[in-house]
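Below: the structure, in structure tokens.
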Amino acid sequence: MEKKYLQLLAREYPTMESVASEMVNLSAIRSLPKGTEYFFSDMHGEYEAFLHMLKSASGMTKIKIDLVLGKTVANTEREELANLIYYPEKEIKSMRKKAMLTDEWRRLTIYRLIMVCEAVSAKYTRSRVRKRIPEDMVYILDELLNVTDDVNKDFYYDEIIKTIIETEMAEKFIISLCRLIQSLAIDRLHIIGDIFDRGPRADIIMNELLHMHDVDIQWGNHDISWMGAASGNPALIANVIRIAMRYNNFDILEDGYGLNLRALAVFANEVYKNDDCTLYMPNTLDDNIYDPVDTKLVAKMHKAITVIQLKLEGQLMERHPEWEMQHRNIFSMVDFDDGTVAIDGKLYKLRDNHFPTVDKANPLALSEGENELMAVLTNSFMHSEKLHEHMRFLYARGSMYKVCNGNLLFHSCIPLDERGELQTVSIAGELYFGRELFDKLDEIANKAYFLHHDNEEKEYARDFMWYMWCGPKSPLYGKDKMAFFEQYYLDDRELQKETYNAYYTFSEKAEVCEKILRMFGLDENKGHIINGHVPVKIKNGESPVKADGKLFVIDGGISKAYQKATGIAGYTLIYDSHSLNLAEHKPFIPGESEYTPKIHLVERLEHRANISDTDKGMEILEQINDLRELLNAYKSGIIKER
């Protein structure tokens, strides 16, 4: 190691004793069991269900309560304790109204919470637990969680708890304990894409993720759509708004991000005032709380932004012939006089042919009113502070894929052709495939957002974000087409079909998954691929575990839009120091007392995994080796102690 680096390291560890002490500390950390990793996918704005999964650690907290208290506490009381841990403020408020907050309840509850907290914190060092404790409770909680064996534990607990109750700190203390248990139950959180769209409040999910201690995100195509919109891509701005209109989600746009939709409402009401817009009536899965809008007006707004999006997407396809998507520019092929379109030599009648803003001589051109509207909407997207706070977080914690502790995480697919070979994608005249394609798209996404607005590379990257959203070879989309036009305007079911990329067939073979794992530098025998994107229809006999356990697809339908098809409400993959488990969730009903998912063991580890077996363990080992060199430098006199 270079002397210059050793001198820098010596500033932090100025003596041989400080070096040796840190080496011992780091070695001790490596010997601890690995923390529990949780993998979530495709939340699609379903914030209530997602937050419950987080607060309950996907049911594992209840299991821990049962293990710790199962022999001494009745099941109903254990369920009540679990609900208290998940929602402490709400439960305490409810009990106060019912006059149930007795000193005996406070004493028993604090004691039981300490028992549970000891169990969930067992994998952590004392200093790490202290960092998770609220500042005003650090001393007392640290004392309670670290009583030595030579102390009469019961007496010690009783005295401290008695004092907590006497000083009227009990409720605050209980809430702090509950939050600490929530924090310690999930050591690391992996989000396998699609936080946004369909569900009501993706912004609330993002707010929660902002405060997580260790989280990473693998972008999904719906996330990229929002990132592209925040970068200023007009087609994706229209797309984000259209999907919100389709599901009547005004709260995320107006209350969540402060995006002003008044101009769209005024424009739509004026241009389509005599149009009933029945094709565009919203699919309301959740009611707006803050911004209720008449559904007839929503339908007009939906149509207005849909027509604008079709025009803007057509302009993109014309501007980029290298994408080979000219055949998808269907809106430009419409005969607006008789309301028909020819596709593959066959003539189809449109379900709607009232397009007052279309210039038949130039159907992709925005009208003057549409141009003015898009300028207003774009300005609103560019100046939303909360939106850009969330987008910067997506960039800071997100990427196209992640290699972590022997596993490969990405949202959708690695594009393959019908022979199972890697598909190439042309980007700025160069061909990319496999891992190199992922790396290039990561670069493009960052350039689209962070480059200066007058940079030509930014303009190209911003355009390409739309291809990443729905392009036929995009590893985030994974289908041959997005049948946007067909699903809105044509009755032919065959034309509306979207065919999945060959990856979804070939990846069910273990040898293909092993090849992909090797491509990303992973052990083909021990590693796993973890995907989302495609809802697993368990009611049709589909399984989230594929390719002899090499591949996990964990999109089981947390989004209400998919639950009829899947039969459940999502999966969580849980990777602790003993095993890999799948939590199978049922539809979340707020206020329902019993919501414990089914836990399925999918793989038991050969031996208990310690931190030394993880990526973090390797980083710590490198630190130990660096410190060993510094120690030798002190001993040899190359570096002097201070």
Side-chain angles (χ1 to χ4, degrees), residues 196 219-243 257 259 305 307-326 328-329 331-332 362-368 370-385 387-388 390-392 394-396 398-400 424-432 436-477 482 484:
F196 288 87
W219 302 321
N221 60 317
H222 287 270
D223 306 318
I224 281 289
S225 176
W226 278 79
M227 291 158 66
S231 301
N233 182 308
L236 291 176
I237 289 173
N239 183 57
V240 162
I241 296 171
R242 177 186 63 83
I243 293 175
Y257 291 129
L259 300 168
I305 202 67
V307 172
I308 290 172
Q309 182 179 344
L310 286 164
K311 292 180 178 183
L312 292 171
E313 291 187 346
Q315 293 174 23
L316 276 173
M317 287 182 267
E318 285 193 344
R319 191 155 66 240
H320 294 283
E322 73 276 12
W323 294 349
E324 299 179 343
M325 293 183 68
Q326 294 89 333
R328 296 299 308 148
N329 193 358
F331 196 69
S332 67
N362 187 8
L364 299 183
L366 297 188
S367 69
E368 183 179 348
E370 288 172 331
N371 267 315
E372 290 175 0
L373 172 60
M374 283 308 300
V376 171
L377 293 173
T378 300
N379 185 62
S380 190
F381 270 76
M382 293 300 98
H383 291 90
S384 169
E385 291 184 12
L387 174 65
H388 287 280
H390 287 177
M391 292 303 109
R392 286 192 295 272
L394 272 179
Y395 276 103
S399 55
M400 287 292 298
T424 59
V425 179
S426 176
I427 303 174
E430 298 287 333
L431 295 179
Y432 296 88
E436 291 74 20
L437 173 61
F438 277 62
D439 290 334
K440 185 63 179 178
L441 295 182
D442 210 307
E443 176 190 324
I444 285 174
N446 279 273
K447 285 182 175 179
Y449 189 79
F450 290 108
L451 287 181
H452 194 266
H453 65 85
D454 60 359
N455 190 306
E456 288 185 9
E457 281 192 83
K458 181 184 182 76
E459 184 178 350
Y460 179 86
R462 193 164 54 189
D463 282 0
F464 206 88
M465 293 287 274
W466 179 81
Y467 187 91
M468 291 167 70
W469 150 250
C470 64
K473 294 182 182 179
S474 167
L476 294 175
Y477 184 55
M482 182 172 283
F484 171 23

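Keep in mind the model is a prediction, meaning the values are calculated, not measured.
Note: F196 CZ to I224 CD1 = 11.5 Å, rounded to the nearest 0.5 Å. The distance from atom OG of S367 to atom CD of E372, rounded to the nearest 0.5 Å, is 8.5 Å. L441 contributes atom CG, which lies 12.0 Å from atom OG of S399 (distance to the nearest 0.5 angstrom). Atoms CG and CG, from L387 and L259 in turn, are 6.0 Å apart once rounded to the nearest 0.5 Å. Put simply, OH on Y467 and CG on N233 are 15.0 Å apart, with the number rounded to the nearest 0.5 Å. For the atom pair CD of E457 and NE2 of H452, the computed distance is 14.5 Å after rounding to the nearest 0.5 Å.
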| query | Can you check side-chain contact (heavy atoms from CB on, under 4.5 Å) on L236 and W226, steps first, answer last? | reply | CA-CA 7 Å; L236 291 176; W226 278 79; over 6 Å; no

| task | Please assess Q326 against M317 for the test side-chain contact (heavy atoms from CB on, under 4.5 Å), listing each intermediate value before the final yes or no. | result | CA-CA 6 Å; Q326 294 89 333; M317 287 182 267; over 6 Å; no

| task | Evaluate the criterion side-chain contact (heavy atoms from CB on, under 4.5 Å) for residue pair L377 and S380; output intermediate values, then yes/no. | result | CA-CA 5 Å; L377 293 173; S380 190; 5.6 Å; no

| field | Worked verdict on F464 versus W323 for side-chain contact (heavy atoms from CB on, under 4.5 Å) | value | CA-CA 10 Å; F464 206 88; W323 294 349; 3.6 Å; yes

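Here the side chains of C470 and N221 are not in contact, with every heavy-atom distance at 4.5 Å or above. The closest side-chain heavy-atom distance from I427 to I444 is below 4.5 Å.
For the ring-ring contact (aromatic ring centres under 6.0 Å, His included) test, residues two or more places apart in sequence or in another chain that qualify with H390 are Y257. Qualifying salt bridge (charged side-chain N to carboxylate O under 4.0 Å, His left out) partners for K440, counting only residues two or more places apart in sequence or in other chains: E443. Taking R319 as the reference, D463 meet the salt bridge (charged side-chain N to carboxylate O under 4.0 Å, His left out) condition, with sequence neighbours excluded. Partners of E436 according to the salt bridge (charged side-chain N to carboxylate O under 4.0 Å, His left out) rule, which considers only residues two or more places apart in sequence or in another chain, do not exist here. Residues meeting the side chain to side chain donor-acceptor pair (under 3.5 Å) test with N371, sequence neighbours left out: none.
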Name every donor-acceptor pair, under 3.5 Å, that has one atom in a side chain of residues 307-314 and the other anywhere in the protein, sequence neighbours excluded.
| from | atom 1 | to | atom 2 | distance (Å) |
| --- | --- | --- | --- | --- |
| Q309 | OE1 | R242 | NE | 2.7 |
| Q309 | NE2 | N239 | OD1 | 3.1 |
| Q309 | NE2 | E313 | OE2 | 2.8 |
| K311 | NZ | T357 | O | 2.9 |
| K311 | NZ | T357 | OG1 | 3.4 |
| K311 | NZ | A365 | O | 3.1 |
| K311 | NZ | E370 | OE1 | 2.7 |
| E313 | OE2 | W466 | NE1 | 2.9 |

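Shown here for A238 and I305, the closest heavy-atom pair between the two residues is O-CG1, 3.6 Å. Closest approach of K447 and A461 over heavy atoms only: CB-CB, 4.0 Å. Closest non-hydrogen pair, V240 versus S225, comes out as CG2-OG, 3.7 Å. Shown here for A230 and H388, the closest heavy-atom pair between the two residues is O-CE1, 3.2 Å. Here the shortest heavy-atom pairing between A229 and I237 reads O-CG1, 3.6 Å.
In this structure, S474 contributes its side chain and L476 its backbone to a donor-acceptor pair below 3.5 Å. At least one donor-acceptor pair under 3.5 Å links the side chain of K458 to the backbone N or O of L451. A distance-only check finds no donor-acceptor pair linking the side chain of S384 to the backbone of F381 [under 3.5 Å]. Without hydrogens or angle criteria, T378 side chain to M374 main chain gives a donor-acceptor distance under 3.5 Å. One N or O on the side chain of D442 and one on the backbone of M400 form a donor-acceptor pair closer than 3.5 Å. Side-chain atoms of D223 come within 3.5 Å of backbone atoms of G220 as a donor-acceptor pair (strictly under, hydrogens ignored).
Each of M465, R392, M227 was checked for a side-chain contact (heavy atoms from CB on, under 4.5 Å) with Y449, and the lone residue meeting it is R392.
Residue-environment remark: CD (E459) stays at or below the threshold of 12 foreign heavy atoms within 6.0 Å.
Between Y395 and F450, the ring-plane angle classifies as perpendicular under the 30° and 60° cut-offs. Relative orientation of the W469 and Y477 rings is tilted, given thresholds of 30° and 60° on the angle between their planes.
Aromatic ring centres of Y460 and H320: separated by under 6.0 Å.
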